[in-house]
Trainee: 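Here it is, the structure, as structure tokens.
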Amino acid sequence: MDDQPFGQRILSWAGGPADIDRFVALGGARLPAEPDPAALRRALDAVVARHPVLGAAPVPLRTVDDVWAAAAAGRYPPDARCLLWAYLAGRELLLVAHHTVSDPWSMRLLLREVLKPQTGPAPSYHDSGSTYAPRRVTRSVPFWRRMLADVPALAPGTGSEAGTAEIRTPSGITQDQAAAVARTVRSTPFVVLLTAFARALGPLCPGEAVVAVLTHGRQRSDWDTVGLYMNVLPVRLGAPTVGAAHRAFAEAYAHEIPFPLLLDAVPQADALFADGGPGLAQFEVIQVPDGAGIEPLTIPAGLGLGGPVLPINGLAFWLEPGAGGAYTACLRYRRSYREAEMHALTRRFIDSWEDIRADANRA
């Protein structure tokens with residue numbers, strides 16, 4: 001099996017991201033007070049020293065008028081001596097790190113350490129595949145071969161444009177609300193939200209659907225480590241009920257192996273998820289560690305930074321937590337789907353969530 005780390009693997013797999021110099025993870029916070037730039041620079045450099053995966057050079061810190069505009073105008077090459085960049089506008093601090101060495105979880109760790117400096121070395125980064133015993137991979141392969149046989153694709157869009165587009169919509173859903181519903185239905189917040197997505201997806205994929213779920217991919221020993229640990233977990237969904245989604249996700253999770261190992265062990269997976277493969281849906285609820293005292297900045301629409309770990313052959317839908325734990329519903333999609341269709345999908349998701357919540361309240 002290929003032992004190349006996930007971050008480097010995606011640079012070459014399926015042609016890599018379309019614009020590797022803008023393939024980054026973002027993390028922003030509103031600071032309690034305007035910082036001293038010199039002190040902030042020292043704190044950033046100390047963070048890089050604790051996490052060598054980010055490089056071995058001072059962090060480029062720019063004081064700007066608008067952190068988002070400045071970041072959107074930047075380039076972030078993966079061979080830079082430091083793979084962390086920072087922008088400061090008054091009390092707003094935005095960190096940008098190359099996605100091959102970071103993920104949303106990492107960005108929260110970095111913000112937390114900048115606000116409350118840590119001492120001593122951080123846990124060493126390692127490729128997540130190296131911690132999986134070969135026997136676990138061998139045991140899981142038959143399951144994945146069955147799971148990924150005859151995968152139903154999304155209905156094709158009715159448009160003719162090439163490329164992708166993105167929309168972002170306040171969902172009105174908070175982390176606390178999702179947790180409360182999950183307790184009532186005896187499931188998890190993630191599964192409740194996945195169920196709402198499965199219902200919203202129905203018109204595009206009647207019956208079964210295979211959804212590529214993105215997880216934080218970390219084991220407990222990795223919780224304080226900066227790096228790209230995100231994993232891809234294909235889940236085959238049938239009836240869009242909380243119970244059915246819970247069983248499907250639990251079964252897939254029980255057989256989880258790092259995505260690069262899945263590609264190596266199950267040949268059809270490579271064709272399914274590579275650029276130009278069948279139209280599939282991706283789903284993610286972005287998970288980050290506790291950030292007590294951090295007021296996160298909400299990423300605006302149309303920024304032009306970031307990018308999916310998987311190619312978007314159909315659509316990618318994710319929930320991004322912001323201030324007060326409120327989720328923004330984000331949807332990146334092939335332009336063969338019309339914008340009105342994608343806005344309708346987002347509305348169906350929110351309506352489905354409200355239906356699930358109402359049912360839980362009546363239980």
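From a predicted model like this one, the values you see are computed outputs, not experimental measurements.
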Trainee: Any side-chain to backbone donor/acceptor pair from Glu113 onto Leu110? Under 3.5 Å, distance only.
Mentor: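 Side chain of Glu113 to backbone of Leu110, a donor-acceptor pair under 3.5 Å: no, none is there.
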Trainee: Test Leu26 against Leu303 for side-chain contact (heavy atoms from CB on, under 4.5 Å), laying out the working first.
Mentor: CA-CA 11 Å; Leu26 305 167; Leu303 194 63; 3.6 Å; yes
Trainee: Treating Ile, Leu, Val, Met, Phe, Trp and Tyr as nodes and any side-chain heavy-atom pair under 4.5 angstrom as an edge, say whether Trp318 and Leu331 lie in one connected cluster.
Mentor: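 Different clusters.
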Trainee: If the threshold is 4.0 Å, N to carboxylate O, is there a salt bridge linking Glu34 and Arg91?
Mentor: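 Salt bridge flag = no for Arg91 with Glu34.
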Trainee: Is the ring pair Phe190/Phe249 parallel, tilted or perpendicular, if the boundaries are 30 and 60 degrees?
Mentor: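 It falls in the tilted class, 30° to 60°.
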Trainee: Tyr76 versus Leu305: any side-chain heavy-atom pair under 4.5 Å?
Mentor: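 With C-beta onward as the side chain, the pair touches.
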Trainee: Quick one: does Ser187's side chain have a donor or acceptor within less than 3.5 Å of a partner on His246's backbone?
Mentor: no
Trainee: Say whether, by atom type as modelled, one donor and one acceptor occur between the side chain of Gln282 and the main chain of Pro311 under 3.5 angstrom.
Mentor: yes
Trainee: What pair of heavy atoms forms the shortest contact from Thr188 to Ala182, and how long is it?
Mentor: C-CB, 3.3 Å
Trainee: Could you go through Leu154 and Tyr333, starting from their C-alpha distance and side-chain angles, then the distance that decides it, and tell me whether this counts as side-chain contact (heavy atoms from CB on, under 4.5 Å)?
Mentor: CA-CA 12 Å; Leu154 299 179; Tyr333 58 95; over 6 Å; no
Trainee: Going through the checks in order, is the salt bridge (charged side-chain N to carboxylate O under 4.0 Å, His left out) test met by Asp103 and Arg218?
Mentor: CA-CA 11 Å; Asp103 53 20; Arg218 280 171 157 78; 2.8 Å; yes
Trainee: Heavy-atom distance under 4.5 Å between the side chains of Phe317 and Thr346, does that happen here?
Mentor: yes
Trainee: Quick check: do Phe197 and Leu201 have side-chain heavy atoms less than 4.5 Å from each other?
Mentor: yes
Trainee: Give a yes or no on whether the ring-centroid distance for Phe23 and His99 is below 6.0 angstrom.
Mentor: yes
Trainee: Would you check if the side chain of Asn313 reaches a backbone N or O of Ala274 as a donor-acceptor pair within less than 3.5 Å?
Mentor: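 Side chain of Asn313 to backbone of Ala274: a pair is present.
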Trainee: Is there a donor-acceptor contact under 3.5 Å from the side chain of Arg108 to the main chain of Pro289?
Mentor: yes
Trainee: So does Met147 get a backbone contact from the side chain of Arg236, meaning a donor-acceptor N/O pair under 3.5 Å?
Mentor: yes
Trainee: What is the minimum heavy-atom distance between Ile294 and Ala29, and which atoms define it?
Mentor: CG2-CB, 3.9 Å
Trainee: Which distance, rounded to the nearest 0.5 Å, do you find between the CG of Leu84 and the CG of Asp45?
Mentor: 9.5 Å
Trainee: Within the 3.5 Å criterion, strictly below it, is a donor on Glu339 or His343 matched to an acceptor on the partner's side chain?
Mentor: yes
Trainee: Would you check if Met107 and Val96 make a side-chain contact, meaning some heavy-atom pair closer than 4.5 Å?
Mentor: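 Contact flag for Met107/Val96 side chains = no.
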Trainee: Any carboxylate oxygen within less than 4.0 angstrom of a Lys/Arg side-chain nitrogen, looking at Asp359 and Arg362?
Mentor: yes
Trainee: Show your working on salt bridge (charged side-chain N to carboxylate O under 4.0 Å, His left out) between Asp224 and Arg112 and close with a plain yes or no.
Mentor: CA-CA 11 Å; Asp224 293 323; Arg112 204 165 66 179; 3.6 Å; yes
Trainee: Going by heavy atoms in the side chains, are Leu95 and Trp85 under 4.5 Å from each other?
Mentor: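 They are not in contact (no side-chain heavy atoms under 4.5 Å apart), so the answer is no.
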Trainee: With a 4.5 Å heavy-atom cut-off, do Glu92 and Leu297 have their side chains touching?
Mentor: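 The answer is yes; the side chains approach within 4.5 Å.
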Trainee: Take a 6.0 Å sphere around CG of Asn361 and say whether it holds more than 12 heavy atoms from other residues, nucleotides or ligands.
Mentor: yes
Trainee: Answer yes or no: are there more than 12 heavy-atom neighbours, outside Asp65 itself, under 6.0 Å from its atom CG?
Mentor: no
Trainee: Taking all atoms of both residues into account, what is the closest heavy-atom pair of Pro35 and Leu40, and its distance?
Mentor: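 So the two residues come closest at CG-CD2, 4.2 Å.
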Trainee: Under 4.5 Å between side-chain heavy atoms, hopping through other hydrophobics if needed: is there a path connecting Ile167 to Ile286?
Mentor: no
Trainee: Are the side chain of Asp222 and the backbone of Thr225 linked by a donor-acceptor contact shorter than 3.5 Å?
Mentor: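 Between the backbone of Thr225 and the side chain of Asp222 there is no qualifying donor-acceptor contact (under 3.5 Å).
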Trainee: With a 4.5 Å limit on heavy-atom distance, are the side chains of Thr174 and Tyr327 in contact?
Mentor: no
Trainee: Set out, in order, the CA-CA distance, both residues' side-chain angles and the distance that settles side-chain contact (heavy atoms from CB on, under 4.5 Å) for Arg186 and Val242, then state yes or no.
Mentor: CA-CA 9 Å; Arg186 299 184 179 181; Val242 173; over 6 Å; no
Trainee: Does some side-chain heavy atom of Gln177 sit less than 4.5 Å from a side-chain heavy atom of Trp353?
Mentor: yes
Trainee: Counting distance only, does the side-chain N/O of Thr169 pair as donor-acceptor with the main-chain N or O of Ser171 below 3.5 Å?
Mentor: no
Trainee: Can you check whether Glu161's main-chain N or O pairs, donor with acceptor, with Arg335's side chain at less than 3.5 Å?
Mentor: no
Trainee: Hydrophobic clusters here meaning ILVMFWY residues chained together by side-chain heavy-atom distances under 4.5 Å, can you tell me if Val211 and Ile312 are in one?
Mentor: no
Trainee: Do Val101 and Val288 land in one hydrophobic cluster if side-chain heavy atoms of ILVMFWY residues count as linked below 4.5 Å?
Mentor: no
Trainee: Distance-only, no hydrogens or angles: does the Asp270 side chain make a donor-acceptor pair with backbone N or O of Pro267 under 3.5 Å?
Mentor: no
